[in-house]
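Here is the structure we will look at.
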There are 2 protein chains.
Amino acid sequence: MGVKRPTSFDIAALAGVSQATVSRALSHSPAVSEEVRKRVFEAAQQLNYTVDVNARKLRSKKINTIAVLISEDLDQDNPINPFFVPLLGAILKYAGQRGYDVLTSLQQQSASWSNDYGFARRADGLILLGYKDYDDYVRKAEGLSDIGEPWVVWGLVQPGAGHSVGSDNAQGAYEAVSHLIRLGRRRIAFLGEASSSHPEFRDRYDGYARALRENGLSLDDDLLADCFISREDGAAAVARLMTRGAEFDAVFATADLPAIGAMQALQKQGRRVPQDVSVIGFDDLWAAACTTPALSTVRQDTTAAARALVDALDRMIANEPVEPVRVPTRLIIRESCGG
Amino acid sequence: MGVKRPTSFDIAALAGVSQATVSRALSHSPAVSEEVRKRVFEAAQQLNYTVDVNARKLRSKKINTIAVLISEDLDQDNPINPFFVPLLGAILKYAGQRGYDVLTSLQQQSASWSNDYGFARRADGLILLGYKDYDDYVRKAEGLSDIGEPWVVWGLVQPGAGHSVGSDNAQGAYEAVSHLIRLGRRRIAFLGEASSSHPEFRDRYDGYARALRENGLSLDDDLLADCFISREDGAAAVARLMTRGAEFDAVFATADLPAIGAMQALQKQGRRVPQDVSVIGFDDLWAAACTTPALSTVRQDTTAAARALVDALDRMIANEPVEPVRVPTRLIIRESCGG
DNA sequence: TTGTATGCGTTATCAG
DNA sequence: CTGATAACGCATACAA
């Protein structure tokens, strides 16, 4: 408690060198003799010294901190999109390896990305997870551009926009739906927002549509059910399909949460999964393996995503050019699609 | 990019006051006239000024930052204990409300809590989530005491140890097992580590034992199956019980993850849940509502937990006395226990 | 209520 | 390779 922290001057005195030399030695500057470096480290250890990061950050240009801003308010049960959880974990891990501290903040979706984290020199750059729709995204992005701090956003991948990193949504959906067709399914419902205001979901819809087309199946609007990322929405969407008398033998959902809701709704209506209806989701939440039947899904690679995000941000911080990244997905076959 | 950040001197010049006055005005010091405060805020807004947090942290004693250290390596599928996720979310939210920044870090369980975060004046205090066992805990705690930085740990509640905040594990378990007995279950298996090296689980075991005792049921070692917090462990534990021919009509697991694994293993062996075997878990992960049947469980109140953790830490930082906190749990009845 | 002066603990720029 | 010395941007004791 009361013990005063030692400063680099204390180390200098103990090691018999100047304070400047201590600083150099501790930051592994090449311009310091092995002999002196050793003395400094020993003194530091002896006094239990560590650098005051605040002084360092004040003085140096780079701050070695990344801020992760997560938009919350997904729904009641899931204040944050569960997919973000392993993604955040991967970011924490990889950023840590790269020597970055990570500040994490939950934000109301309505809040501006730039308000809290702009300008304060808290972080060198921002990683953004989640936005409500494309308009919301654009508005927030503009706020960020104004403050000039580097940022990357997870989700949509825009050609030419280096700050965009996302899964290969179209391809992932294409593979999932192709698999369903290969299993003999012909009437495949699509659960999700296909509107252009949700580009990621739109991409998944495009993959869905392409798979149908290439297999000579026609698109049927009766099989489209709008829903957002929640179990309740998925259940409601399936209920709507059934109420309107749509016939379907498979469901492709744009996220695992609605897929799980869909399975539960189907089972409640006495339709067996996968015998009567195949179900495939998107994300591969860990809970996907806990449902009965276990959920087949399109896995998003959170490790690769985290690397891409942090690397992109790191390059932007260093003022290097950055390309948008599209992270490959992988189809995970469990029980819910039957084979 | 290249635009230089304005400093408080720039604001001072624009507002026609001294830098010190700017500082006072912006930190809402009472000793500044309304008139001047207004001018300062206008100037700040005009120049898009925000305080450099690093300079502030260097200069002032308190740095308004909390570090959350999460021990990882739970198992392959779950690099971090899923229960920590909503807890972290609640901490981020509440700490944000209280004006704290939050640094989050994943650590190998083997790592020392103090190594990275001690001394560097990154944070005013530490919140610790997860430790391997009691020995591990003690070792880490000692390291922390050495550095003298305030810390609180989630988990066990030690009388007199203000840095300990946890659920009322014994009571939660007691209520769950009592409920099973009320449903007519008589042979209730306990899944978890009951050893004294895992105090939280030991408390849950004590609650289990008390419920049996008070209802005239005897403890039977045949119904105890060691397992840690993972689906695989839960499944394996049930398999062991069955292999050794133990008869049981209910399972109480010390966490949802093994409870889910147990359900899956039971179903795979053709035993119906809840008709043949009731199952209750502990935590109330969101995934508990996604299983079939939906999992009954003892909910840990992450919101209250987060408040308790942050409040305790806040008091320690302010050098005020702190009492250990035991957060109440709530039994959530779903389908897996049948009633 | 406001201004002046000082220092927080580093890193960076110069000399030597 | 090392040592003075000057910032970094703010908060605060003290004086007015």
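Naming convention: chains lettered A, B, ... in sequence-line order (proteins, then strands); numbering from 1 in each chain.
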remark   = Among C:dT4, C:dT13, C:dT11, the one nearest any side-chain atom of A:R24 is C:dT13
key: Proximity to the side chain of B:L58 - top-ranked nucleotide from C:dT10, C:dC8, C:dT11   = C:dC8
Could you give the [atom1]-to-[atom2] distance, from [X] to [N], as a whole number of Å?
X     : N      : atom1 : atom2 : value
B:R56 : C:dG9  : CZ    : P     : 18 Å
A:K61 : C:dT13 : NZ    : C1'   : 17 Å
B:E34 : C:dT2  : CD    : C1'   : 16 Å
A:L26 : C:dA12 : CG    : P     : 13 Å

ask   = With respect to B:Y100, which candidate in B:N64, B:D314, B:D124 satisfies the side-chain hydrogen bond (donor to acceptor under 3.5 Å, both in side chains) definition?
value = B:D314
task = Measure from the side-chain N and O atoms of B:S29 to the backbone N and O of B:R24, and report whether any donor-acceptor pair falls under 3.5 Å.
result = no
query = Just by modelled atom types, is the B:T7 backbone N or O under 3.5 Å from a matching donor or acceptor in the B:D10 side chain?
reply = yes
remark   = Heavy-atom nearest nucleotide on DNA chain C taken for A:Q19 and for B:E35; more 5' hit belongs to B:E35
ask   = Considering heavy-atom distances to DNA chain C, does A:S60 or B:G16 have its closest nucleotide positioned more toward the 5' end?
value = B:G16
query = Between A:T7 and C:dG9, does any side-chain N or O lie under 4.0 Å from OP1 or OP2?
reply = no
inquiry  = Taking only side-chain N and O atoms of B:S33, does any of them lie within less than 4.0 angstrom of OP1 or OP2 on C:dT2?
reply    = yes
request  = Mind telling me whether A:W154 and A:F83 have parallel, tilted or perpendicular rings, with 30° and 60° as the class edges?
outcome  = tilted
request  = At the 4.0 Å heavy-atom cut-off to chain B, mark where contacts on DNA chain D begin and end, going 5' to 3'.
outcome  = D:dG9 to D:dA13
ask   = Given that B:T21 and B:N54 both sit by DNA chain D, which one's nearest nucleotide is further toward the 5' end?
value = B:N54
query = When we call it a touch if two heavy atoms are under 4.0 Å apart, what does A:V17 touch: a base, just sugar-phosphate, or nothing?
reply = sugar-phosphate
task = Remember a base hit wins even if backbone is also touched, and classify A:V53 as base, sugar-phosphate or nothing at under 4.0 Å, heavy atoms.
result = nothing
key: Donor-acceptor pair present, A:R59 side chain and C:dT10 base, under 3.5 Å   = no
inquiry  = For the CD atom on B:Q158, are there more than 12 heavy atoms of other groups (residues, nucleotides or ligands in this structure) within a distance under 6.0 Å?
reply    = yes
message = I'd like to know whether CD of B:Q45 has more than 12 heavy-atom contacts from other residues, nucleotides or ligands below 6.0 angstrom.
response = no
remark   = The residue among B:K57, B:R59, B:R121 that forms salt bridge (charged side-chain N to carboxylate O under 4.0 Å, His left out) with A:D52 is B:R121
